[in-house]
Student: 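Got a structure here, written out as structure tokens. Questions coming.
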Amino acid sequence: MKKQRKKMSPETKENLKNIFGSLYSNQRAINGARHNPWWVALIFFVLAICLPVIPIVTNGMSQYGSSLLSSNNYGFDITGTAFAMNLVENDIDLVINANHQLIDENGSWKEKYGYGNETVQYAYVNKLTNQYDLLVYYTHETGSDFNKFQETIGNNRYEVGTTNKYVDSVQPSSSSSSEDAPSATPYTPSFILMNQNYIVVNFFQPNSTTSIASTAGDFLTMKEGTSIASFAITGGFNDKVLSTDYNDYLSDPNYTKSVLNNWKTFLDETFITTRNTSTIYTSLLALGIYFALSIFMGLMIFLLTRGKKNVFRVLKFMECQKINAWASFTPGLLGMIIGFIFPQGALMFFIILLGVRIMWLTMRQLKPQIR
């Protein structure tokens with residue numbers, strides 16, 4: 001004899017209708033909030049404010065330091081390779097130590113280039129344009145002094161077609177001496193700035209003072225012994241002392257691509273701390289905004305139902321918050337979905353959708369009854 005299934009109670013059926021119906025029905029959201037325990041509303045509330053944060057976290061954690069080289073390497077395949085090879089040629093090594101700091105091992109950089117910003121340190125000069133394509137600085141400056149160093153080299157300008165410092169009143173050397181001769185055009189070279197704890201990479205538009213791509217990071221996650229000079233060696237440059245002009249290496253696209261990939265890996269690793277910190281900060285900020293907004297929308301429901309002609313003025317403050325919690329789940333779900341599709345605006349979608357639904361709910365289902 002078959003055992004008969006126990007029928008679902010009318011109360012359970014109604015609760016399920018309210019739970020699923022509240023996804024699209026404002027009235028179901030109101031009914032569910034008024035006739036179900038507070039903890040159901042709490043679950044909806046937590047889900048509503050957490051779901052739209054997911055694409056923000058995902059987008060943040062998908063950032064990487066080498067993204068500035070993803071679509072255009074700005075000639076860094078050549079200039080970055082030349083720099084790494086120069087370190088090998090001059091027995092200079094910038095190495096990550098046990099404290100996760102980038103050190104000038106044996107002081108060879110200081111001996112060759114010094115640490116100051118008064119003069120150019122390492123420079124790659126383009127033989128075709130006779131301009132700086134890349135400048136590299138290493139310094140022991142820290143804190144605000146490091147920031148000033150970065151600002152100084154970022155503001156340094158040179159005359160297009162030369163490596164001469166740009167001065168507004170100076171005419172370019174190739175121009176005529178007539179009074180109507182044009183002023184020299186300034187440019188700022190791309191640069192890498194490093195100290196023991198940080199690295200900044202900034203690429204500038206050719207023949208311009210406009211920055212077009214940059215990244216910054218630290219060495220806290222770097223493996224001890226990581227050497228910038230090794231980028232050239234692991235790229236295929238195995239002679240400690242150059243026996244030929246290394247321009248032969250620079251003309252080999254397979255070699256420069258290999259060294260560029262080493263740089264990309266390096267920049268990705270230096271960006272990890274920045275990425276994680278930024279993602280945590282942005283996510284917590286979004287969560288705080290969503291929490292405050294949701295509480296505020298519950299308050300709006302309470303205030304908008306206080307009219308003398310509004311039969312819903314009997315709703316208490318916590319009941320209004322429960323209605324808001326039930327109604328906010330759909331905006332949270334849609335905010336998450338749209339946030340994955342349009343990650344750049346992920347922070348705003350939940351705010352807009354929640355505002356629209358609560359105003360719609362208040363004006364339609366909780367409006368004053370006119371007799």
Side-chain angles (χ1 to χ4, degrees), residues 7-57 282-343 345-371:
K7 291 186 178 180
M8 188 180 295
S9 67
E11 183 181 358
T12 303
K13 284 184 179 180
E14 185 65 19
N15 287 339
L16 289 175
K17 286 181 180 179
N18 288 335
I19 288 173
F20 291 102
S22 65
L23 291 172
Y24 59 89
S25 170
N26 291 334
Q27 190 58 55
R28 285 291 182 182
I30 294 171
N31 294 342
R34 298 188 70 185
H35 301 110
N36 281 273
W38 63 268
W39 55 265
V40 179
L42 180 61
I43 292 173
F44 275 122
F45 178 81
V46 172
L47 288 174
I49 65 174
C50 289
L51 287 176
V53 177
I54 294 175
I56 296 175
V57 174
T282 305
S283 302
L284 291 178
L285 177 63
L287 200 60
I289 291 173
Y290 296 160
F291 176 86
L293 175 68
S294 194
I295 296 297
F296 175 75
M297 297 312 292
L299 175 62
M300 288 295 296
I301 296 174
F302 179 76
L303 294 176
L304 292 173
T305 55
R306 295 307 94 189
K308 291 182 179 181
K309 294 183 179 181
N310 196 323
V311 296
F312 294 101
R313 66 181 181 274
V314 297
L315 292 174
K316 297 180 181 178
F317 177 75
M318 288 309 299
E319 285 183 299
C320 294
Q321 291 293 349
K322 286 169 64 178
I323 292 172
N324 168 72
W326 273 69
S328 63
F329 176 75
T330 298
L333 181 62
L334 292 176
M336 178 188 71
I337 295 171
I338 301 174
F340 278 118
I341 299 173
F342 303 104
L347 180 65
M348 296 301 301
F349 295 126
F350 175 69
I351 297 173
I352 296 170
L353 292 169
L354 179 62
V356 169
R357 185 170 196 189
I358 295 303
M359 289 298 101
W360 177 32
L361 179 151
T362 305
M363 295 297 104
R364 294 292 299 273
Q365 272 69 34
L366 302 179
K367 66 181 179 180
Q369 300 298 317
I370 300 176
R371 297 178 182 178

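Note that these values count all heavy atoms, side chains included, but never hydrogens, waters or copies made by symmetry. Here the structure is a predicted model, which is why all the values come from computation and not from measurement.
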Student: Identify, with sequence neighbours excluded, every residue that meets ring-ring contact (aromatic ring centres under 6.0 Å, His included) alongside Phe340.
Tutor: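 Phe340 satisfies ring-ring contact (aromatic ring centres under 6.0 Å, His included) with no other residue.
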Student: Going from CE on Met297 to CD on Gln321, what distance comes out if it is rounded to the nearest 0.5 angstrom?
Tutor: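 Here the interatomic distance stands at 10.5 Å.
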Student: First locate atom CG of Leu303, then atom CZ of Phe296, and finally report the distance between them rounded to the nearest 0.5 Å.
Tutor: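 If we round to the nearest 0.5 Å, Leu303:CG and Phe296:CZ are 8.0 Å apart.
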Student: Look at the side chain of Ser25 and the backbone N and O of Ser22, then say whether any donor-acceptor pair between them is shorter than 3.5 Å.
Tutor: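 Checking the backbone N and O of Ser22 against the side chain of Ser25, no donor-acceptor pair under 3.5 Å is found.
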Student: I need the Met300 CE to Leu293 CG distance, nearest 0.5 Å.
Tutor: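 So the gap between those two atoms works out to 10.5 Å.
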Student: If you compare all heavy atoms of Val311 against all heavy atoms of Val314, which two are closest, and at what distance to 0.1 Å?
Tutor: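 Between these two residues, the closest heavy atoms are O-CG2, 3.7 Å.
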Student: On a heavy-atom basis, which atom in Asn26 and which in Leu361 lie closest, and how many Å separate them?
Tutor: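 Asn26 and Leu361 have their closest heavy atoms at ND2-CA, 3.7 Å.
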Student: Quick one: CZ on Phe342 to CD1 on Ile337, what's the gap to the nearest 0.5 Å?
Tutor: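 Going from CZ on Phe342 over to CD1 on Ile337, the span is 12.5 Å.
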Student: At what distance, to the nearest 0.5 angstrom, does CE of Met318 lie from CD1 of Ile323?
Tutor: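 Met318 CE to Ile323 CD1: 11.5 Å, rounded to 0.5 Å.
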Student: Taking side-chain hydrogen bond (donor to acceptor under 3.5 Å, both in side chains) as the definition, give me every residue that meets it alongside Thr330, ordered by chain and number, with sequence neighbours left out.
Tutor: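 Listed in chain order: Arg357.
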Student: Looking at every non-hydrogen atom in both residues, tell me the closest pair between Leu354 and Ser294 and how far apart they are.
Tutor: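 Nearest pair, atom of Leu354 first, then Ser294: CD2-CA, 4.1 Å.
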Student: Set out, in order, the CA-CA distance, both residues' side-chain angles and the distance that settles side chain to side chain contact (heavy atoms under 4.5 Å, CB included) for Leu304 and Leu366, then state yes or no.
Tutor: CA-CA 8 Å; Leu304 292 173; Leu366 302 179; over 6 Å; no
Student: May I have all residue pairs that pass salt bridge (Lys or Arg N to Asp or Glu O under 4.0 Å) and include part of residues 21-45, sequence neighbours excluded?
Tutor: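 Residue pairs passing salt bridge (Lys or Arg N to Asp or Glu O under 4.0 Å), neighbours aside: Glu14-Arg28.
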Student: Between Leu353 and Gly335, which heavy-atom pair has the shortest distance, and what is it?
Tutor: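 Nearest pair, atom of Leu353 first, then Gly335: CD1-N, 3.8 Å.
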Student: Enumerate the side-chain hydrogen bond (donor to acceptor under 3.5 Å, both in side chains) contacts for residues 39-49, please, sequence neighbours excluded, ordered by first and then second residue.
Tutor: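 Checked against side-chain hydrogen bond (donor to acceptor under 3.5 Å, both in side chains) - neighbours excluded - no pair reaches residues 39-49.
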Student: Is a donor on one side and an acceptor on the other found under 3.5 Å between the side chain of Glu319 and the backbone of Ala33?
Tutor: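 Between the backbone of Ala33 and the side chain of Glu319 there is no qualifying donor-acceptor contact (under 3.5 Å).
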Student: Counting heavy atoms not belonging to Arg306, are there more than 12 under 6.0 Å from its CZ?
Tutor: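 Above 12, so yes.
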Student: Taking the side chain as every heavy atom from C-beta outward, state whether Leu299 and Cys320 have any pair of such atoms under 4.5 Å apart.
Tutor: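 No, every pair of side-chain atoms sits at 4.5 Å or beyond.
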Student: Test your reading of the model: is there a side-chain donor-acceptor pair from Ser328 to the backbone of Ala325, 3.5 Å cut-off?
Tutor: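 It does hold such a pair.
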Student: Just do the side chain to side chain contact (heavy atoms under 4.5 Å, CB included) check on Leu51 and Phe329 with the steps written out, would you?
Tutor: CA-CA 9 Å; Leu51 287 176; Phe329 176 75; 3.8 Å; yes
Student: Quick check: do Ile295 and Phe45 have side-chain heavy atoms less than 4.5 Å from each other?
Tutor: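 Result yes, sub-4.5 Å side-chain heavy-atom pair found.
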Student: Rounded to the nearest 0.5 Å, what separates atom CD in Gln365 from atom OG1 in Thr305?
Tutor: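 Gln365 atom CD to Thr305 atom OG1 measures 13.5 Å (nearest 0.5 Å).
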Student: Measure up the Trp326 and Phe44 rings against each other and bin them: parallel (under 30°), tilted (30 to 60°), perpendicular (over 60°).
Tutor: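 Because their plane-to-plane angle lies in the 30° to 60° range, the rings of Trp326 and Phe44 count as tilted.
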Student: Suppose the criterion is salt bridge (Lys or Arg N to Asp or Glu O under 4.0 Å): which pairs have a residue in residues 323-336, not counting sequence neighbours?
Tutor: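 Not a single pair qualifies under salt bridge (Lys or Arg N to Asp or Glu O under 4.0 Å).
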Student: Using the ring-ring contact (aromatic ring centres under 6.0 Å, His included) criterion, which residues pair with Tyr290? Sequence neighbours excluded.
Tutor: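 Partners of Tyr290 under the ring-ring contact (aromatic ring centres under 6.0 Å, His included) test: Phe350.
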